[in-house]
Participant: 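Take a look at the following structure, please.
Source: prediction; values computed, not measured. In each ligand, atom 1 is the first atom listed, and ligand 1 is the first ligand listed.
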Amino acid sequence: MKIEIRVLVNGREIDAAVKPNQTLLEWLRDDLRLRGSREGCGVGVCGSCTVLVDGRPVSSCLMLATNAEGKEIQTIEGLAPGDDLDPVQQAFLEHSAFQCGYCTSGMIMATKALMASNPKPTEEEVRDYLSGNICRCGTYQEVMAAIKSLCEKNA
Ligand code: FES
Ligand code: FES
């Protein structure tokens with residue numbers, strides 16, 4: 001049995017039939033071939049699968065695709081308009097805020113949501129907001145530097 005959904009993904013309206021137990025992450029990666037969102041833990045702990053749902057960061061491994069019905073999803077693939085990087089992507093690049101890159105799309109999507117709601121967060125607010133995004137390579141200092149540079153641009 002499949003369930004029909006209509007979802008706006010990266011600005012494109014998509015009609016699809018999904019399995020009742022299919023996660024949003026599985027739908028994005030397996031059906032839509034949007035593989036920038038990664039599965040790390042699969043249980044809502046690591047943040048590598050973070051996407052924006054109606055502008056809010058969500059662990060897509062925990063959300064059923066059926067619950068995306070009528071919602072707007074943004075993934076890392078939808079962040080950069082054309083050939084220009086999004087400012088958050090640019091800041092991560094300039095500060096080498098990644099090593100293997102496995103956590104990076106989730107980190108960037110969470111940072112995007114943070115900066116949208118709080119353009120000049122304190123270091124403590126950044127740490128708190130990103131506490132659900134784990135980097136096994138330990139690039140936290142570089143991530144902080146990237147976000148600090150974004151805050152300075154917003155000053
Ligand atoms: S894979 Fe979703 S939180 Fe880890
Ligand atoms: S850059 Fe490797 S897990 Fe974060």
Side-chain angles (χ1 to χ4, degrees), residues 3 5 7-10 12 14 16 18-80 84-118 121-153:
I3 296 167
I5 57 171
V7 187
L8 198 63
V9 180
N10 296 334
R12 190 162 64 100
I14 296 179
V18 298
K19 291 182 232 153
N21 63 347
Q22 191 171 12
T23 66
L24 177 59
L25 180 62
E26 289 168 339
W27 182 58
L28 291 170
R29 286 181 56 87
D30 301 341
D31 293 11
L32 302 188
R33 302 284 190 229
L34 295 173
R35 297 199 163 141
S37 309
R38 308 268 165 65
E39 177 161 355
C41 65
V43 292
V45 172
C46 73
S48 65
C49 64
T50 304
V51 300
L52 303 189
V53 179
D54 291 339
R56 302 182 62 175
V58 166
S59 295
S60 59
C61 70
L62 289 185
M63 180 172 168
L64 290 174
T66 52
N67 289 337
E69 159 65 27
K71 296 196 163 36
E72 181 175 355
I73 310 292
Q74 191 174 25
T75 71
I76 191 76
E77 290 89 348
L79 216 52
D84 295 326
L85 290 177
D86 179 272
V88 178
Q89 291 174 306
Q90 188 66 40
F92 271 59
L93 189 60
E94 286 171 4
H95 291 83
S96 303
F98 47 83
Q99 283 186 34
C100 77
Y102 204 84
C103 70
T104 307
S105 58
M107 284 274 190
I108 287 176
M109 297 313 286
T111 302
K112 186 76 186 161
L114 167 64
M115 301 307 289
S117 64
N118 182 3
T122 63
E123 189 169 328
E124 194 179 345
E125 287 171 331
V126 174
R127 287 181 192 280
D128 186 52
Y129 201 90
L130 294 184
S131 60
N133 290 81
I134 293 170
C135 175
R136 286 169 181 80
C137 300
T139 61
Y140 299 110
Q141 285 196 352
E142 289 79 6
V143 168
M144 287 301 299
I147 296 175
K148 196 170 167 209
S149 75
L150 289 165
C151 295
E152 284 163 3
K153 282 182 187 152

Participant: Hey, which atoms in ligand 1 end up nearer than 4.0 Å to a heavy atom of C49?
Facilitator: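 In order of numbering, the contacting atoms are 1 (S), 2 (Fe), 3 (S).
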Participant: Please write down residue, atom name and distance for the protein heavy atom closest to atom 1 (S) of ligand 2.
Facilitator: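 Of every protein heavy atom, Q99 N, 3.1 Å lies nearest to atom 1 (S) of ligand 2.
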Participant: Please identify which atoms of ligand 1 are closer than 4.0 Å to at least one heavy atom of G44.
Facilitator: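 Listed by number with element: 3 (S).
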Participant: If the test is salt bridge (Lys or Arg N to Asp or Glu O under 4.0 Å), which one of E124, E125, E123 qualifies with R127?
Facilitator: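 Running salt bridge (Lys or Arg N to Asp or Glu O under 4.0 Å) over E124, E125, E123 with R127 returns exactly one hit, E123.
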Participant: Is there an N/O/S atom in C46 that lies less than 2.8 Å from atom 4 (Fe) of ligand 1?
Facilitator: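 Yes - counting backbone and side chain alike, C46 has an N, O or S atom under 2.8 Å.
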Participant: Under 4.0 Å from a heavy atom of G42: give me the atoms of ligand 1 that qualify, with their elements.
Facilitator: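 Per the distance check, 1 (S), 4 (Fe).
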Participant: Quick one: which ligand 2 atoms are inside 4.0 Å of a heavy atom on R136?
Facilitator: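 Per the distance check, 3 (S).
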Participant: Out of D31, T66, D30, which residue meets the side-chain hydrogen bond (donor to acceptor under 3.5 Å, both in side chains) rule with Q22?
Facilitator: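 Only one option passes, and that is D31.
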Participant: Just by distance, do the side chain of Y129 and the backbone of A110 share a donor-acceptor pair under 3.5 Å?
Facilitator: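 Not at all, since once roles are kept as given, no pair shorter than 3.5 Å links the two residues.
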Participant: Is any N, O or S atom of C41 under 2.8 Å away from atom 2 (Fe) of ligand 1?
Facilitator: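 Under 2.8 Å: C41 has no N, O or S contact with atom 2 (Fe) of ligand 1.
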Participant: If only atom types and distance count, is the side chain of T23 paired as donor or acceptor with the main-chain N or O of E26 below 3.5 Å?
Facilitator: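 Indeed, once roles are kept as given, a pair shorter than 3.5 Å links the two residues.
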Participant: With a cut-off of 2.8 Å, does C135 place any N/O/S atom under that distance from atom 2 (Fe) of ligand 2?
Facilitator: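 No.
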Participant: What part of L25, side chain, backbone, both or neither, has a heavy atom within less than 4.0 angstrom of ligand 1?
Facilitator: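 Neither part.
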Participant: Pick one: which of L62, L25, L28 meets side chain to side chain contact (heavy atoms under 4.5 Å, CB included) with C49?
Facilitator: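 Going through the options one by one, the only one that passes is L25.
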Participant: Among V51, L52, L114, find the residue that satisfies the side chain to side chain contact (heavy atoms under 4.5 Å, CB included) test when tested with M109.
Facilitator: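 For M109, the side chain to side chain contact (heavy atoms under 4.5 Å, CB included) test succeeds with only one of V51, L52, L114, which is L52.
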Participant: Once rounded to the nearest 0.5 Å, what's the spacing between atom CH2 of W27 and atom OG of S37?
Facilitator: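 W27 CH2 to S37 OG: 12.0 Å, rounded to 0.5 Å.
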Participant: State the atoms of ligand 2, each with its element, that fall below the 4.0 Å cut-off from a heavy-atom position in G101.
Facilitator: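 What qualifies from ligand 2 is 1 (S), 2 (Fe).
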Participant: For V45, take its heavy atoms, then give the atoms of ligand 1 lying under 4.0 Å from any of them.
Facilitator: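 Atoms satisfying the 4.0 Å criterion: 3 (S).
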Participant: With rounding to the nearest 0.5 angstrom, report the CZ to CZ distance, R38 to R29.
Facilitator: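 R38 CZ to R29 CZ: 7.0 Å, rounded to 0.5 Å.
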Participant: What atoms of ligand 2 come closer than 4.0 angstrom to any heavy atom of C137?
Facilitator: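 Reading through ligand 2 atom by atom, the close ones are 1 (S), 2 (Fe), 3 (S).
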Participant: Does E39 use its side chain to pair, donor to acceptor, with the backbone of C61 at less than 3.5 Å?
Facilitator: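 No.
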Participant: Give a yes or no on whether C61 keeps an N, O or S atom under 2.8 Å from atom 2 (Fe) of ligand 1.
Facilitator: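 An N, O or S atom of C61 is closer than 2.8 Å to atom 2 (Fe) of ligand 1, so yes.
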